[in-house]
Amino acid sequence: MKSQSIKLIAPVLLSYIVMGFVDIVGVSTGYAQRDFNLTPDMAQLIPSMVFVWFFVLSIPVGVLQSRFGKKKVLTTGIILTAMGMFLPFIHYSYPTLLISFLFLGVGNTIIQVASNPLLKDVVAEGKFSSFMSLSQFIKAISSLVGPLIVTMMVTQFGDWKNVFLVYGAVSIISGFWLLSVNIEETIAQQKASFGSSIQLLRNPLVLAMVVSIFLIVGVDVGMNTNIQNLLVQKFDLTLEKASLGISIYFFALMVSRFVGAILLARVNNFSFLVWSTLLTCAFIILLMVSTSSGLTIVSIALIGLVSGNLFPLVFSLTINKLPERSNEISALMIMAVVGGAVIPPVMGFVNKTAGASLSFVVLLICALYVFGSSFILKNTNTDEK
């Protein structure tokens, strides 16, 4: 039985704080739209600039980490994130902000591909699902604090983008701490390659779960980047007040993942997944039909509470089915995070033609697919190597 050491786990978990920096894209989209007088579709290029790299780079990063090691690759992602955080202070314009989020997207892709398999290497056997939820809880804390830091920077210093200085400093600390520890990494019997990763999509289970991750991330980013817009359009709130809706959403995610870290070590993970997806569908419908700002805020919080563990559940349940292919599965699933680049523009198009409330139909369809595909996990026994 593999033991675990807090000395090794702590620096890996800190990388999830850096991972959470990507969610500042929600608040940044609103401020960039105001600062540069952008149309809604131009503003939605910002999250696309972040999340498109998950599709482009995830498999190559998975191949590289099977050759050079997960810790080295993870540290590289943290360094790139730090670089992106300082760019807006060299020159603040729409193009340089896009480049900054490009660095954030590339760095975050690398972090997400490398961190989960590295976490599996430092935790005890049988505890991976629980620690996956704990890691997502830590990421949610980072996501929650981001909008609050932005509000503080606006009120105290008059400049929202000072949040990037904080993020850059934390990234540097995280990178140096990770470099200082020695982690014994598991070596895959079969070296990952681009071909072996793509070939794994022939497995119906892997394909269904990769699509599920695509849609789960689409729901998360769609909520993050459209909460402001919904509250402003539907209830005429100011941008600053509407931004608090994002903080409430991330607070709900944080609570959900904290509870999940405890419960997933004790309850049936499949049943937890099924009920989570079913309730996500129900509360998205409630959000769409809500006629008051109070009920809308409650709906936002409920969606965060029930959807917070979808990503770690699907990720860990799939890897537990095929543990010997963890590098490739991790790469494919993080590639599917490109859903965060695809779903928000679709919502933006629906918003433009049918209104803010109806744009959330897109998220309802995503959640319904995940509910249906979750049964594939229960009914599939795979011997694929």
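Computation of the quantities below employed the complete heavy-atom set of this structure, encompassing side-chain atoms and omitting hydrogens, waters and symmetry-equivalent molecules. For reference, positions follow the sequence shown, starting with 1.
Lys321 places a side-chain N or O within donor-acceptor distance of the main-chain N or O of Leu377, the cut-off being under 3.5 Å. For Gln136 (side chain) and Gly308 (main-chain N/O), no donor-acceptor pair under 3.5 Å exists by modelled atom type. A donor-acceptor contact shorter than 3.5 Å is absent between the side chain of Ser276 and the backbone of Ser307. Put simply, the side chain of Ser58 never gets that close to the backbone of Phe55: no donor and acceptor are under 3.5 Å apart.
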Contacts table for residues 336-349: side-chain donor-acceptor under 3.5 angstrom, sequence neighbours left out:
none

Output side-chain donor-acceptor pairs under 3.5 Å for residues 19-31, partner residues at least two apart or in another chain, one line each.
{"residue": "Asp23", "atom": "OD2", "partner": "Lys139", "partner atom": "NZ", "Å": "3.0"}
{"residue": "Asp23", "atom": "OD2", "partner": "Ser143", "partner atom": "OG", "Å": "2.5"}
{"residue": "Ser28", "atom": "OG", "partner": "Ile24", "partner atom": "O", "Å": "2.8"}
{"residue": "Thr29", "atom": "OG1", "partner": "Val25", "partner atom": "O", "Å": "2.6"}

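For Phe311, the ring-ring contact (aromatic ring centres under 6.0 Å, His included) partners are Phe315, not counting sequence neighbours. Applying the side-chain contact (heavy atoms from CB on, under 4.5 Å) criterion to Ile141, with sequence neighbours excluded, gives Phe137, Val145, Met254. By the ring-ring contact (aromatic ring centres under 6.0 Å, His included) test, Phe214 pairs with no residue at all, sequence neighbours left out.
Within 6.0 Å of the CZ atom in Phe235, the count of heavy atoms belonging to other residues, nucleotides or ligands exceeds 12. Annotation for Phe36: atom CZ counts as buried by contact number, over 12 foreign heavy atoms lying within 6.0 Å. Environment of CH2 in Trp53: sparse, with no more than 12 heavy atoms of neighbouring residues, nucleotides or ligands closer than 6.0 Å. A 6.0 Å sphere centred on CZ of Phe68 holds no more than 12 heavy atoms belonging to other residues, nucleotides or ligands.
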Check your understanding: Would Leu287 and Thr296 count as a side-chain contact (heavy atoms from CB on, under 4.5 Å) if you check the C-alpha gap in whole Å, the side-chain angles of each, and the deciding distance to 0.1 Å?
Key -> CA-CA 6 Å; Leu287 175 67; Thr296 299; 3.5 Å; yes
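Side-chain contact, Ser299 with Ser290: no donor N or O sits under 3.5 Å from an acceptor N or O. Side-chain N/O atoms of Tyr94 and Asn37 include no donor and acceptor closer than 3.5 Å. Of the N and O atoms on the side chains of Thr81 and Asn108, not one donor lies less than 3.5 Å from an acceptor on the other residue.
Atoms CG and OG, from Leu205 and Ser373 in turn, are 10.0 Å apart once rounded to the nearest 0.5 Å.
The side-chain hydrogen bond (donor to acceptor under 3.5 Å, both in side chains) contacts involving residues 258-273 comprise Ser129-Asn269, Asn268-Ser271, where partners must be two or more places apart or lie in separate chains.
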